[in-house]
Protein chains: 2
Amino acid sequence: MQIRNGLRPMWWHGRFRGCGYRITAPREAILDVLSKSDKHLSAEDIYIKIHTHYPVIGLTTIYRTLDLLTNIGLIFKFDFGDGRARYELVKGPKGKTHHHHLICTNCNRIIDYTDFIDEEIKLLEQTEKKLLKKYNFKSTNKLIQFYGLCEKCQKMS
Amino acid sequence: MQIRNGLRPMWWHGRFRGCGYRITAPREAILDVLSKSDKHLSAEDIYIKIHTHYPVIGLTTIYRTLDLLTNIGLIFKFDFGDGRARYELVKGPKGKTHHHHLICTNCNRIIDYTDFIDEEIKLLEQTEKKLLKKYNFKSTNKLIQFYGLCEKCQKMS
DNA sequence: CTCTTACTGATAATGATTTTCATTCTTAAT
DNA sequence: ATTAAGAATGAAAATCATTATCAGTAAGAG
């Protein structure tokens, strides 16, 4: 696997340079994995995926990079209650953005859903404005999650 | 401090017995702290509060009990991103229930808000129904959080 | 091409949460 | 009230995700 590819600047390169961050092989690899994989990857998930082709990379770097990407706002960090953080690209170049999560509290399965989301977003944006007015809280990001039992786990109990 | 008070059955005793759980001094103490304190207590917070009057209790028991209470549905478990779980009574006997959280990603301050919440709840309940239909996902609990910068931290940056 | 210093990886450290296990206590049955 | 069964407890050890350290490496400005 060819990790670096200086000839093909990626969509996020500009963003990186703008912040004074360097573009490195590990960072490319991590963003590559995130953009190709489905989602909800933990640090270790990413480590394993990369390690196969690129054994040099250390877990430390994964964590550092994920932290960096979260701060820049390129990825979201989620907690689904299984004791490890999970990460997800905010969006591809033009990609679809918002989805919310259904979390099965029994088997820990995560279901993404984007249905019915438009009204939700509309409402949330209204709320955001009101929050800014009342609390002077400048929201940059919002989270909605439903906890409960997925189909399988309902049958079992 | 008198921990046990067999003469005064608490509102949750029935719930406990119904599930086959025993009513013990540590459990009373923990629920007492949770119901009296403001909110967002971590396991250690609770440990310290109780330990003053009741030095026998161990952190292990706190964790075990919080886990139990979460499973029963008496308390909520939150992750605000500071590396420790925080807990909060779902409601007092008649207490007000729902509020959502504003989380400052800089100083980690948590602001509760209950304003504008009625419309949100209405919408969420609609969504819940739809989720049940489409995914057969039986939601028992929902979470809304806004991440961003609080007043103070906006000024500093 | 060179120099500055941001980035990296190995290792050790941290710190919240869990597990283990022998002992204690609650409670249903007597 | 007494007792027996096993649920609950606490101390200590174990886990395990994440973070800090530090010396070596490499990105990229000039």
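Keep in mind that this is a model prediction, so the values were computed, not measured.
- Between the C1' atom of C:dA16 and the CG atom of B:D79 lies a distance of 12 Å, rounded to the nearest Å.
- Residues A:F80 and A:H40 bring their aromatic ring centres within 6.0 Å.
- We find that CD of A:E44 is positioned 13 Å from C1' of D:dT15, with the value rounded to whole Å.
- A salt bridge is defined here as a Lys NZ or Arg NE, NH1 or NH2 lying under 4.0 Å from an Asp or Glu carboxylate O, and A:K130 with B:E119 meets this definition.
- In this structure, CD1 of A:I50 is placed 11 Å from P of C:dT8, rounded to the nearest angstrom.
- We find that A:K134 and A:E128 are not joined by a salt bridge, their nearest charged nitrogen and carboxylate oxygen being 4.0 Å or further apart.
- For the pair B:R17 CZ and C:dT27 P, the computed distance is 5 Å after rounding to whole Å.
- In this structure, A:D67 atom CG and C:dT8 atom P are separated by 13 Å, rounded to whole Å.
- With respect to the salt-bridge test (charged N to carboxylate O, under 4.0 angstrom), the residues B:D32 and B:K36 qualify.
- Note that the two end axes of the helix from C:dC1-D:dG30 to C:dT30-D:dA1 enclose an angle of 50°, each drawn from 5 base pairs, rounded to 10 degrees.
- Ion pairing between a basic and an acidic side chain is recognised when a charged N comes within 4.0 Å of a carboxylate O; B:R86 and B:D79 show no such pairing.
- Considering CG of A:L41 and CD1 of A:I75, their distance stands at 10.0 Å, rounded to 0.5 Å.
- Note on A:Y21 and A:I57: same hydrophobic cluster, where clusters join Ile, Leu, Val, Met, Phe, Trp and Tyr whose side-chain heavy atoms are under 4.5 Å apart, directly or indirectly.
- A straight line from CZ of A:R84 to C1' of D:dC16 spans 8 Å, rounded to a whole angstrom.
- Ring pair B:H101/B:F78: centre-to-centre distance below 6.0 Å.
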If a protein heavy atom is under 4.0 Å from the base, mark B; if only from the sugar-phosphate, S; if neither, -; do that for nucleotides 5-13 of chain D going 5' to 3'.
-BBSBBBB-
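- Partners of A:K133 under the salt bridge (Lys or Arg N to Asp or Glu O under 4.0 Å) rule, at least two apart in sequence or in another chain, do not exist in this structure.
- Counting to the nearest Å, the P atom of C:dA6 and the CZ atom of A:F16 are 15 Å from each other.
- OP1 or OP2 of C:dT17 has at least one side-chain nitrogen or oxygen of B:Y63 nearer than 4.0 Å.
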